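Note sheet for the following structure.
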Amino acid sequence: MENKFDSQSVIEEFESLTKNAKTVQIETLKKILKDNCEAEYLKKWNLDGRFDPQTYTSCVPVVTHKDLDPYIQKIADGASYPVLTGNPITTITLSSGTTQGKPKFVPFNDELTENTMQIYRTSFAFRNREFPIGNGKALSFIFGSKQFTTKGGLLAGTATTNVYRSAQFKKTMLAMQTPCCSPDEVIFAPDFHQSLYCHLLCGLIFRDEIQVISSTFAHSIVHSFRTFELVWSELCSDIRTGVLSARITVQSIRNAMAAVLTPNPDLADEIQNKCLGLIDWNGLIPELFPNCKYIYAIMTGSMEPYLKKLRVYAGGVRLLSADYGSSEGWIGANVNPDMPPEKTSFTVLPNIGYFEFLPLREIDESDSVEPKPIGLTDVELGEEYEVVVTNFAGLYRYRLGDVVKVIGFHNATPKLQFVCRRNLMLNINLDKNTEKDLQLSVETAAKLLADEKLEVVDFTSLVNLTTDPGHYVIFWEVSGDASDFVLKECCNCLDKSFVDAGYVSSRKVNAIGPLELRVLRRGTFQKIINHYVGLGSALNQFKTPRCVGPSNRKVLQILCNNVDKSYASNAFG
Ligand code: AMP
């Protein structure tokens, strides 16, 4: 399988799994519970050798990370007995933690790597049927995070770092004809700025062989090409002379790059001419990578705001949106690659975990009603749910915090659309605005900048309760200087574009104060990335927190210290 990719058998396996989703779920749960029945956590719930869904869901509670944290901590501290899993956990994953402000620990094991490969293979089989690629390379903006050892001696790093380091990852990428064009020393460099520079350099050196440009999340592709706009002439100079820029100070990267970088004035000229010929970097990707068949990354959810810029770089090159997963495990594959990114759905793979779905309607009705999750094959078309995961690495009935919508079925398995994170909510009074509402409002207001040829580079928000009444604050980093007049208009437009009835009525009676737009200095979001990478996150897993809570002190401080101008809305008089 790994040496020669057999799309047909991957698709057949997927069809069979999804047809028999119910049975596969029962079998998967049985396997997980059997393998781990000696673990302290499972013993506590007295399953007594009963591994069926009914017993499981009536004995084991639905939990959040907070509930499992003490157990995960014991593992990290080196407990010598099975805590959450039968086999000892040897690696800890740091979830990106962009929402809470600090990374969470999550157990990781080989089964999760295998699940990842199954997801990669599945979506690739469908993708390659529709958009076949030949032999070549991928310009993959992938980055290893800092790794450290926990008190108990376990290796800790981001999920993607754990996966990229695995032998299976390389084999699978090779079989999928998309080995990364950069050497490992570049991927796992201790400094992501240097790593990014060298990814770009390797991409240019192998430009004719690049078939795919990819990353885990689309943000890193956009971020990488924004960096390219700043460093392209330096990259050309490196290629011309064969001498790596002095900005690369890590010796292991210099050594590895020496093997790929040789003087090539013709290539440097060609790239230079292409860059000089581009207008506003439109179509940068097809110009520089003429054989690139598509761009591949997660483009849904909090990545949607970057699609506009990505489309500018992509010119006519197709954008294919990737699969749905998390540090806690994968959930579904995109098996309809021909859909535009905004319409992407994910078909749940029924053998990579046991999945339950908390109906959102029920949660909203009353706090006293214990919400009851339902099984994978019991979900209803058109309904929204929070995903609850039981995986092979010690998470049992774990609330993922993501809201998804069932938009169809592939055989007996639901196809999910990502809606938003549950806890990302702007809320002061009767209002409830999700990440998606914020995104739509920003999109609408940002149109006013287009006349000045400007764009919103990135954005976030907070609820300011230090004023009476409280109000929303939206932070924008803009690509250049916009006039006060336009920014004031943008501020009013943001305020008007939150159409949630609770918000509008509260604004009308001043139960929520005027929305405030704070424009940030250029480079503020880079500082936020640096902060998260410093905490152990990796650039390719980075997601801008769309709403910053009071506990996220450092990010708040970066934002508040970098405000250039601010405007208050008078949209409601
Ligand atoms: P991490 O903590 O870095 O593992 O991020 C996992 C989170 O990223 C998930 O819980 C989702 O909120 C988000 N995510 C992952 N895949 C997708 C996707 N395909 N579309 C939208 N959001 C996603």
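Remember, predicted model here, so these are calculated numbers, not experimental data. We count ligands from 1, going down the list as the structure has it; atoms in each ligand are counted the same way.
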Legend entry - Tyr296 six-ring centre to Arg127 NZ/CZ under 6.0 Å and within 45° of normal: yes
Legend entry - Gly325, Gly401, Ser326: member with heavy atom nearest to atom 15 (C) of ligand 1: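 The nearest heavy atom belongs to Gly325.
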Inset, instruction - Counting heavy atoms only, name the option from Phe418, Trp330, Phe346 that's nearest to atom 23 (C) of ligand 1. - result: Phe418
Looking at [X], which atoms of ligand 1 are within less than 4.0 Å of one of its heavy atoms?
X: Phe217; answer: 8 (O), 14 (N), 15 (C)
X: Arg421; answer: 10 (O), 12 (O)
X: Gln541; answer: 1 (P), 3 (O), 4 (O)
X: Lys543; answer: 1 (P), 3 (O), 5 (O), 7 (C), 8 (O)

Inset, instruction - Check whether any N or O atom of Ser302, backbone or side chain, sits under 3.5 Å from an N or O atom of ligand 1, and answer yes or no. - result: no
Inset, instruction - Look only at interatomic distance and state if Ser95 has a nitrogen or oxygen under 3.5 Å from any nitrogen or oxygen of ligand 1. - result: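 Min N/O separation from ligand 1 is not below 3.5 Å for Ser95.
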Do [X] and [Y] have a side chain donor and acceptor closer than 3.5 Å?
X: Asp458; Y: Tyr306; result: yes
X: Gln168; Y: Thr113; result: no
X: Asn115; Y: Glu111; result: no

Does only the side chain of [X] get under 4.0 Å from ligand 1, or the backbone, or both, or neither? Count heavy atoms.
X: Glu328; answer: neither
X: Ile298; answer: side chain
X: Asp323; answer: backbone

Inset, instruction - Considering only NZ, NE, NH1 and NH2 on the basic side and carboxylate oxygens on the acidic side, decide whether Arg121 and Glu114 come within less than 4.0 Å. - result: yes
Legend entry - N-O pairing of Glu455 and Lys308 below 4.0 Å: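 Salt bridge: no.
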Let me check something: any side-chain donor-acceptor pairs from residues 406-417 under 3.5 Å, sequence neighbours excluded? List them with distances.
| unit_1 | atom_1 | unit_2 | atom_2 | d |
| --- | --- | --- | --- | --- |
| His410 | NE2 | Glu15 | OE1 | 3.2 |
| His410 | NE2 | Glu15 | OE2 | 3.2 |
| Asn411 | ND2 | Glu15 | O | 3.4 |
| Asn411 | ND2 | Glu15 | OE1 | 2.8 |
| Asn411 | ND2 | Thr18 | OG1 | 2.8 |
| Thr413 | OG1 | Thr18 | O | 3.1 |
| Lys415 | NZ | Asn336 | OD1 | 2.6 |
| Gln417 | NE2 | Lys343 | O | 3.2 |

Inset, instruction - Give every residue pair that meets the side chain to side chain donor-acceptor pair (under 3.5 Å) criterion with at least one member in residues 147-156, sequence neighbours excluded. - result: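 Matches after skipping sequence neighbours: Gln147-Arg165.
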